[in-house]
Each structure stands twice: as C-alpha cells, then as structure tokens.
Amino acid sequence: MKNLLFLALIAYTAWYGWNHRDQLPTLFKGAPHSEAVIENISGRPVTRVRLDAGGTVVVREALAVGETATLSIPIQTSGAFTLQWQWGDAPGEPRWRGNLATSSTGPQRYRFQIPAFGQVISSSAPIPASTKR
C-alpha cells in the first residue's frame, strides 16, 4: 500500500511539474541579459578581444576572419562601451570607446564590427520578445 501511495505521489508531482513548466521562477530561467555581437570584418585574424560594458568585462580569445561571437552581458543603463583587441598578425592594441543610445531599459543586442582600419562600426537594437532568454 505504501508503494502504491508513493507511486501516486510521484506521478502527481510529475504531472503538476509538466503542466506548470512555463511558470518557473526567474531563479531557474536566469535574469534578463543583453547580448554583445562582435564581428571580425577586417580580413585579418583578431586575438584577445575584450569588451568592457559598464564595468563588466567579457573576453573572447580569438576571432578568425569573418567570425562572429555572441557574448552575454548585463543590461546596460549608460550605453558606454570599450572594445580592445590585438591583431593576430601585427603588433599593437587598438581600442575603441563609444556610447550607444538605447531606446528602452530592456535587453538590447549591441553589434560591434571590427574593420581593417578606422573606427568600430556599432549599433544597437532591442532583442525581440520571442528570442529573450
């Protein structure tokens, strides 16, 4: 009898969990975050890419020619960024600093393109609701 009661309790717990799986607390889903998409369009390999986003530094060790890296960052309120990298085939450590205007306080997708010469090409856009994590 105890085994039957135990089995019924497990079955009910599994059924309840399955039917309420979309209502998990944010503790299990994670806090909302923004994304930084860094793209190497320079035609040269890039190494040691560091993005400082409001005091949070995210790092990517290398980006091959044409490669894109998507990194999670906390939601930014100021929009101030510093991007620093090294060329894989030449000395020097270029640095770009900029502010990206945000239209909302929700999660944003920040795009940074590293060209061969000149300033970093940057843009931002809200992350659509269907792709938020």
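Please read all numbers here as calculations on a predicted model, not as lab measurements. Hydrogens, waters and symmetry mates play no part in the numbers below; they use all other heavy atoms, side chains included.
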**Request:** Could you tell me which non-hydrogen atom of S34 sits nearest to which non-hydrogen atom of G106, and how far apart they are?
**Result:** OG-O, 4.4 Å

**Message:** Enumerate the side chain to side chain donor-acceptor pair (under 3.5 Å) contacts for residues 51-62, please, sequence neighbours excluded, ordered by first and then second residue.
**Reply:** R60-E67

**Message:** Can you confirm whether W85 sits close enough to I114 that some side-chain heavy atom of one is under 4.5 Å from a side-chain heavy atom of the other?
**Reply:** yes

Side-chain atoms of residues 6-15: list all donor-acceptor pairs with protein atoms under 3.5 Å, sequence neighbours left out, distances to 0.1 Å.
from : atom 1 : to : atom 2 : distance (Å)
T13  : OG1    : L9 : O      : 2.8

**Asked** Closest approach of A69 and L63, non-hydrogen atoms and distance?
**Response** CB-CD2, 3.8 Å

**Message:** Heavy-atom count check: over 12 atoms from other residues, nucleotides or ligands less than 6.0 Å from R48 CZ?
**Reply:** no

**Message:** Within a 6.0 Å radius of atom CZ on R44, are there more than 12 heavy atoms belonging to other residues, nucleotides or ligands?
**Reply:** yes

**Item:** Hydrophobic cluster identity match, Y110 and I75, side-chain contacts under 4.5 Å
**Value:** no

**Request:** Give, for atom CZ of R95 and atom OG1 of T82, the distance between the pair rounded to the nearest 0.5 Å.
**Result:** 6.5 Å

**Prompt:** So does E93 pair up with R50, basic N to acidic O under 4.0 Å?
**Reply:** yes

**Request:** Answer yes or no: is there a side-chain heavy-atom contact under 4.5 Å between P128 and R109?
**Result:** yes

**Item:** I38 versus L71, closest heavy-atom pair with distance
**Value:** CD1-CD1, 3.9 Å

**Prompt:** In the hydrophobic clustering that connects Ile, Leu, Val, Met, Phe, Trp and Tyr at side-chain heavy-atom distances below 4.5 Å, which members other than V57 occupy its cluster, ordered by chain and number?
**Reply:** V59

**Request:** Take F81 and N99, measure what side-chain contact (heavy atoms from CB on, under 4.5 Å) needs, and give me the verdict at the end.
**Result:** CA-CA 6 Å; F81 294 94; N99 291 318; over 6 Å; no

**Prompt:** To the nearest 0.5 Å, what is the distance between CD (E35) and CZ (R111)?
**Reply:** 9.5 Å

**Complete:** Minimal heavy-atom distance between A36 and L51, with the atoms involved, is CB-CD2, 3.4 Å

**Prompt:** So, for H33 and I127, which heavy atoms are closest and what is the spacing to 0.1 Å?
**Reply:** O-CD1, 4.1 Å

**Message:** Count I, L, V, M, F, W, Y as connected when their side-chain heavy atoms are under 4.5 Å apart, and connections chain through other members. Are W96 and W87 then in the same cluster?
**Reply:** yes

**Prompt:** Any side-chain heavy atom of V65 sitting closer than 4.5 Å to one from I41?
**Reply:** no

